[in-house]
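Residue numbers start at 1 and run along the sequence shown.
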Amino acid sequence: MKSQILKMMLVLTLSTSISFAQTTNLSLNSIIPKPLSVTPYAGKFEFKPTTPIYYQGQAQAPISLFASLLAGSTGIKAKTLPLQNQSQGILFMVSDTLNSLGEEGYRIGITPTAISVYAKTSAGIFNATQTIRQLLPAQIEGKTNGKTSWSIPCGEIIDKPRYGWRGYMQDVSRTFYGVDVMKKYIDVMALYKLNVLHLHLTDDQGWRIEIKKYPLLTSTKTTIFDKSTNQPAERSGFYTQDQIRDLVKYAAERNITIIPEIDVPGHSWPTVLAYPELGVNQNRKPDFVFPFLDSWSHWGNQFTPNTLDPTKEEVYEFLNNVFTELADLFPADYIHFGGDEVRHVLWEKEPHVQEFMKTGSLKNTNELQSYFVKRISTIIKSKGKKPIGWNDILSDAKNLTKETAIMSWLGDEAIADAAKNGFYVVATPTDPFYFDITQADRNDGTMSDLAYGNINSLEKVYNYEPETGLSQDEGKFILGVQANQWTAITQDLKDMNVQNFPRLLALAETGWIPKGNRDLAGFKKRLSDNLKRLDLLKIDYYKPGGYISGTWEAKAIGNEFRTLSWDVTKKTYANGRITAGFFYTKGVNFMEIKKVELLENGKVIARDEHTGIADKFRGTHKVKSFLYHLQLDHYKPNAKYELKAEVKGIGGTDSNGNFTYNLSPFDRLNVSETK
């Protein structure tokens, strides 16, 4: 009976909508990702203090957040009541007539008297609330505003996603980010209907999750950057299991699944420090974790000189126990076990490993890694979970179980390799989905990573097609798309936000809309409206020019030290850490910098004295001496701020470049840079 009533209400709502004369109001909306179908009609629905919200069954949970948002931003404290036979107000209904829209699809009918929402599941209901949220003025993202008119135009929206995996990976090992940061990311992911948060919990720079059976994994030397590294305290730490449960619950309420990753057998430095018997060799120097950029000074390259030992049963017992606790904490279908960048040379050097391979008839270390992967996959499956790893594990594809999914980062060929071999795959290629890579210019001062050859522009992200070169049947193996944020260099939250936004919104649309339905010009138009939302949410994003705040030209450079100065008042807006950069761009000569000072109303308040060279180097294997680090502890809103640098040409004065200036506020969740 209830099902029949819902069907009748659906027909009634749509027929009522069709009676209005057509207009263009609703089609000019700012929704990201773009809905599958938008049909506009005349009129608008106005939110009033007396507007009620009615829900049916499992719709109650996802609408509670929407009701809270309305109350906090509009002051409208709408009553939420079980749906009976009401026809006016905001109506949320779970309907068995919408199977064609899948698990996350929805239908919204808007008339002057009602917003009627239908979905097959609570996930679809939640997605519909985010669409309604985006139809409202951007001020909905701010604090209570009684002056704004809260209304949305009439019409019908029918929507569903292309892929079921629309993800974002946060590396919390190389730089740790607390629960508060991750909750804010979950909030904005939910707004744009991203539904998978992949947490890279372990790497050489730290173990970031409490494991009860192995308390040494979260000891000081495995989770806290050594004092000699001069790292801010918030970049170190780990999540307790209670914090993980809270984060998982918070994400689930917003239709987001958290996928945990324990990266093995490489990238396991904290593990071999805590439990040396699990390592393949005795190398444990230095006996602490340190930031990624210090790897070259300690190891001579970026890779750990020790891995887990694939020949030891103790390793598999250890991982069995770790994955047992992980499976209890994370309800997600998948557990990620990494498997990337394993230094096989370390295995080749160990006689006991070679003997193990000989005894087991393993021809090479690729087959040894495949043996390890099969053992780990079996362990993960025994927990009722599905294994997933980076595409490095495909090196011995013929011996890899098809039940292991692939997260492909090495490009289109690697994605095709996985799909053509019958492996389910998440497309997360370095080009264009690594968001730690620069998006416009290597001289703009933004914190881009590893100096990859590619530049991942917003346009490249938006236009990327994950099923390139695949047949229709092969395309069915694509689970979805994911952007990755590796935090080797993008350590401050502001820098990370600038790298992620607005590219993360382009990714959201890439994973949502049907193949062949992209519209870059339309996306950019809708994006301009959504940047206002990011402003109100206090989320920094990339702007043309990056952090460039000035330039230097050859005519200002001498053969002896001179003082150059730039007014940085507009770029100085809070207490925080400041990075001033000197990026050589052209000319015969590089530039030497001796000293950099920050002045407040003419008085020096911060100084960095070291010899720096503004040259062509943009890599990671040595210190970028052309970056200068300052700190502002007592910001004065009405003060004038100026930066001065003592510089000279090296072997001549033909030097030109960009001066960059970036302040990362200490209050990183509530303060962003003004336009």
Side-chain angles (χ1 to χ4, degrees), residues 24 26-40 100-102 104-106 108 127 130-131 134-135 155-168 188-189 191-196 408-409 411-413 415-416 419 425-435 437 439-440 454-472 474-484 499-531 533-534 541-542 544:
T24 58
L26 192 61
S27 63
L28 296 178
N29 62 70
S30 59
I31 302 172
I32 294 176
K34 182 174 68 173
L36 181 66
S37 169
V38 177
T39 305
S100 63
L101 297 183
E104 293 188 87
Y106 61 89
I108 303 175
N127 286 332
Q130 300 310 295
T131 294
Q134 289 192 38
L135 284 170
E156 179 193 24
I157 297 174
I158 300 173
D159 204 7
K160 67 175 181 178
R162 176 183 182 184
Y163 291 121
W165 188 305
R166 305 176 305 282
Y168 167 71
V188 74
M189 286 175 65
L191 173 58
Y192 296 106
K193 303 185 181 75
L194 294 166
N195 66 345
V196 176
S408 192
W409 65 281
D412 290 343
E413 290 184 5
I415 294 169
V425 59
V426 177
T428 177
T430 303
D431 184 357
F433 285 166
Y434 270 30
F435 285 0
I437 294 176
Q439 53 204 303
N454 51 296
I455 289 179
N456 291 342
S457 66
L458 178 77
E459 291 79 9
K460 284 177 69 176
V461 173
Y462 186 81
N463 287 323
Y464 177 75
E465 173 49 56
E467 296 179 26
T468 297
L470 299 183
S471 67
Q472 187 173 354
E474 291 165 348
K476 294 176 182 178
F477 286 99
I478 305 296
L479 294 173
V481 295
Q482 178 174 295
N484 294 339
Q499 292 297 105
N500 282 330
F501 298 99
R503 289 187 290 188
L504 204 54
L505 278 66
L507 175 96
E509 188 149 312
T510 298
W512 186 275
I513 65 177
K515 184 177 182 179
N517 203 28
R518 310 270 176 83
D519 175 14
L520 180 60
F523 170 76
K524 286 185 174 180
K525 185 173 182 179
R526 285 176 284 117
L527 178 61
S528 64
D529 290 332
N530 277 272
L531 295 181
R533 294 181 184 272
L534 296 182
Y541 49 87
Y542 184 82

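The structure places NZ of K525 at 11.0 Å from OG of S30, a figure rounded to the nearest 0.5 Å. E509 contributes atom CD, which lies 3.5 Å from atom OH of Y462 (distance to the nearest 0.5 angstrom). Rounding to the nearest 0.5 angstrom, the gap separating the CG atom in L191 from the CG atom in L534 is 8.0 Å. The distance from the CZ atom of R503 to the CD1 atom of I437 is 8.0 Å, given to the nearest 0.5 Å. In this structure, CG in L479 is found 12.5 Å from CZ in R166, a value given to the nearest 0.5 Å. We find the CG-NZ distance between N517 and K34 to be 4.5 Å, quoted to the nearest 0.5 Å.
The shortest distance between side-chain heavy atoms of Y541 and L527 does not fall below 4.5 Å. Using a 4.5 Å cut-off on side-chain heavy atoms (C-beta onward), Y168 and L507 make no contact. Using a 4.5 Å heavy-atom cutoff, the side chains of I415 and P429 are in contact. Residues L36 and P514 are in side-chain contact: their nearest non-hydrogen atoms beyond the backbone lie under 4.5 Å apart.
Partners of Y192 according to the ring-ring contact (aromatic ring centres under 6.0 Å, His included) rule, which considers only residues two or more places apart in sequence or in another chain, do not exist here. Legend: residues meeting ring-ring contact (aromatic ring centres under 6.0 Å, His included) with Y542, ordered by chain and number and at least two apart, are absent.
Side chain to side chain, S100 and K160 fail the donor-acceptor criterion of an N or O pair below 3.5 Å.
Taking both residues in full, the closest heavy atoms of V425 and S408 are given as CG2-CB, 3.7 Å, listed atom of the first, atom of the second, then distance. For the pair A483 and L504, the tightest heavy-atom approach, listed with the atom from each and the gap, is CB-CD1, 4.2 Å. For P466 against A427, the heavy-atom pair with the smallest separation is CB-CB, 3.8 Å. Here the shortest heavy-atom pairing between E467 and Y163 reads OE2-OH, 2.6 Å. Taking every heavy atom of both residues into account, P502 and L531 meet most closely at CB-CD2, 4.3 Å.
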| request: Just do the side-chain contact (heavy atoms from CB on, under 4.5 Å) check on N454 and K460 with the steps written out, would you? | output: CA-CA 11 Å; N454 51 296; K460 284 177 69 176; 4.2 Å; yes
| request: Give the intermediate values and the outcome of side-chain contact (heavy atoms from CB on, under 4.5 Å) for residues R518 and T510. | output: CA-CA 8 Å; R518 310 270 176 83; T510 298; 3.5 Å; yes
| field | side-chain contact (heavy atoms from CB on, under 4.5 Å) assessment of I32 paired with F523 | value | CA-CA 8 Å; I32 294 176; F523 170 76; 3.8 Å; yes
| said: Would Y464 and D412 count as a side chain to side chain donor-acceptor pair (under 3.5 Å) here? Give the steps. | reply: CA-CA 10 Å; Y464 177 75; D412 290 343; 2.8 Å; yes
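Among I157, I513, I158, L26, the one residue that satisfies the side-chain contact (heavy atoms from CB on, under 4.5 Å) test with P35 is I157. Screening N530, L135, D529, D159 for a side-chain contact (heavy atoms from CB on, under 4.5 Å) with I31, the sole residue that qualifies is L135. Exactly one residue among V481, N484, V426 makes a side-chain contact (heavy atoms from CB on, under 4.5 Å) with F433. That residue is V481.
No more than 12 heavy atoms of other residues, nucleotides or ligands shown are found within 6.0 angstrom of CD on E413.
N456 places a side-chain N or O within 3.5 Å of a backbone atom of Y434 that can act as its donor or acceptor partner.
Classification of E104 and K193 as a salt-bridged pair fails, no side-chain N sitting under 4.0 Å from a carboxylate O. A salt bridge links K524 with E459: the closest approach of a Lys/Arg side-chain nitrogen to an acidic carboxylate oxygen falls below 4.0 angstrom.
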